[in-house]
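Comments concern the structure below.
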Amino acid sequence: MPNTTRPTPRQKAEALFGRLPARGCWLALPSPIASEIVGRAGFDFAIVDFEHGPVGIETAVTQMIALKAASTAAMARAPSLDAAWIKRLLDAGAEALMAPMIESADDAGAAVLAFRFGPEGRRGVATAMVRAAGYGSDPDYLKSWNDRGLLIAQLESPHAVDRADAIAAVDGVDALFFGPSDYAAAAAFPSDTVVIAALERVVKAAHAHGKLAGSVSFAGLDPAALEARGVDIVGAASDVGLLREAAAAAARR
């Protein structure tokens, strides 16, 4: 049964991000300098991305240190649902975790087990040595993590969207995050109207269970438009996209 004394997903997100809706930036460049610049720009969070791109665990630690210096919440997207990877990213200091390609309530349950310490989960304990626990200087980390860590399930296919209600009902899942690009590819590139309708289904399912909803800008829906549709966690930009667009604009004659 859910722990009714635990902070709600909204309370946890507001404590972490400072406000909702929250806007964040994807970090695909393995650069602590770029991460700090992004953090100082005013984003509420930044996502160190291990699913795509060349970021390694050692570089990710320095990126998270840079984000902390900029007072920006550090999120990591795991490369898969591999429990060993989830453990390493959390030990490195990720304050929120995005679990990709969640297709079912069983997938979501597996992510929760990897995310939480026992007895509610199976995350290994090394709090005497890992950065997340201040290298052993934070005695409360082990006891508080299950109450404050934010777990985001990413839904990226028609199969997943059809099961959004069941995924949102899983205790320990704090948010559903709709991935429009993978959804469109899996659905044989339907019209924007179809993809937007899928987003709306995810938002509805998340909110019906007291969970948060997230997505990235797509199909002309900028961050403000996503927020108007009820999206709480907004992927507003990426470091690669910002650099590419600024570079192209500066080079244009």
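Numbers here simply count residues along the sequence, with the first being 1.
Here the CZ atom belonging to Arg116 is positioned 13.5 Å from the CD1 atom belonging to Ile86, to the nearest 0.5 angstrom. Here the CG atom belonging to Asn146 is positioned 5.5 Å from the CZ atom belonging to Arg6, to the nearest 0.5 angstrom. Here CZ of Phe177 is found 13.5 Å from CD1 of Ile102. Values are rounded to the nearest 0.5 Å. Distance check, rounded to the nearest 0.5 Å: CG of Asp147 to OG1 of Thr5 gives 6.5 Å. Here the CD1-CG distance, from Ile233 to Leu212, works out to 5.0 Å after rounding to the nearest 0.5 Å. The CZ atom of Phe43 lies 9.0 Å from the CG atom of Leu27; values are rounded to the nearest 0.5 Å.
No donor-acceptor pair under 3.5 Å is formed between the side chain of Trp26 and the backbone N or O of Val240. The closest donor-acceptor contact from the side chain of Asp239 to the backbone of Cys25 lies at 3.5 Å or more, if one exists at all.
Across all non-hydrogen atoms, the minimal contact from Ile167 to Ala108 is CG2-CB, 4.0 Å. Pairing each heavy atom of Phe117 with each of Gly124, the nearest pair is CE2-O, 3.4 Å. Heavy atoms only, all atoms of each residue included: Leu97 and Met75 are closest at N-CG, 4.3 Å. The two atoms that bring Asp222 and Ala225 nearest to each other are OD1-N, 2.8 Å, heavy atoms only. The shortest heavy-atom contact between Ala132 and Leu90 is CB-O, 3.1 Å. Listed here is the closest heavy atom pair of Ala94 and Trp145: O-CH2, 3.6 Å.
Here the side chains of Phe178 and Val203 are not in contact, with every heavy-atom distance at 4.5 Å or above. Inter-residue side-chain proximity for Leu151 and Val112 is flagged as met; some heavy-atom pair is nearer than 4.5 Å. Under the 4.5 Å side-chain criterion, counting only non-hydrogen atoms from C-beta, His209 is not in contact with Leu176. In this structure the side chain of Leu199 reaches within 4.5 angstrom of the side chain of Val231, judged on heavy atoms. At a threshold of 4.5 Å between non-hydrogen side-chain atoms, the residues Met101 and Asp107 do not count as touching.
Surrounding CZ of Arg148 are more than 12 heavy atoms belonging to other residues, nucleotides or ligands, all under 6.0 Å away.
In terms of hydrophobic clustering, with Ile, Leu, Val, Met, Phe, Trp and Tyr side chains grouped at heavy-atom distances under 4.5 Å, Trp85 and Val125 are assigned to a common cluster. Val234 and Val195 end up in the same hydrophobic cluster when Ile, Leu, Val, Met, Phe, Trp and Tyr side chains are linked at under 4.5 Å. Phe50 and Val130 are not part of a single hydrophobic cluster, where members link through side-chain heavy atoms under 4.5 Å apart. There is no path of hydrophobic side-chain contacts, each under 4.5 Å, that joins Leu150 to Val202. Under the 4.5 Å side-chain heavy-atom criterion for grouping Ile, Leu, Val, Met, Phe, Trp and Tyr, Leu142 is not connected to Leu113 through any hydrophobic cluster.
Aromatic ring orientation, Phe17 versus Phe45: tilted (interplanar angle from 30° to 60°).
Between Asp82 and Arg88 there is no salt bridge, since no side-chain N of the basic residue sits under 4.0 Å from a carboxylate O of the acidic one.
When the salt bridge (charged side-chain N to carboxylate O under 4.0 Å, His left out) test is applied to Arg244, no partner is found at least two apart in sequence or on another chain.
Applying the salt bridge (Lys or Arg N to Asp or Glu O under 4.0 Å) test to every pair with at least one member in residues 151-166, sequence neighbours left out, gives these pairs: Asp162-Arg201. The salt bridge (Lys or Arg N to Asp or Glu O under 4.0 Å) contacts involving residues 38-55 comprise Arg19-Asp44, Glu36-Arg40, Asp49-Arg77, Glu51-Arg77, where partners must be two or more places apart or lie in separate chains. Applying the salt bridge (Lys or Arg N to Asp or Glu O under 4.0 Å) definition to pairs two or more places apart or across chains, those involving residues 91-104 are Asp91-Arg123. The stretch residues 174-183 participates, sequence neighbours left out, in these salt bridge (Lys or Arg N to Asp or Glu O under 4.0 Å) pairs: Lys12-Asp174.
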Could you list the donor-acceptor pairs under 3.5 angstrom formed by side chains in residues 56-72, with sequence neighbours left out?
unit_1: Thr62; atom_1: OG1; unit_2: Thr59; atom_2: O; d: 2.6
unit_1: Gln63; atom_1: NE2; unit_2: Leu29; atom_2: O; d: 3.3
unit_1: Gln63; atom_1: NE2; unit_2: Ser35; atom_2: OG; d: 3.0
unit_1: Thr72; atom_1: OG1; unit_2: Gly39; atom_2: O; d: 3.1
unit_1: Thr72; atom_1: OG1; unit_2: Ala70; atom_2: O; d: 3.4

- Check against side chain to side chain contact (heavy atoms under 4.5 Å, CB included), Phe218 and Ile196: CA-CA 9 Å; Phe218 72 99; Ile196 291 171; 3.9 Å; yes

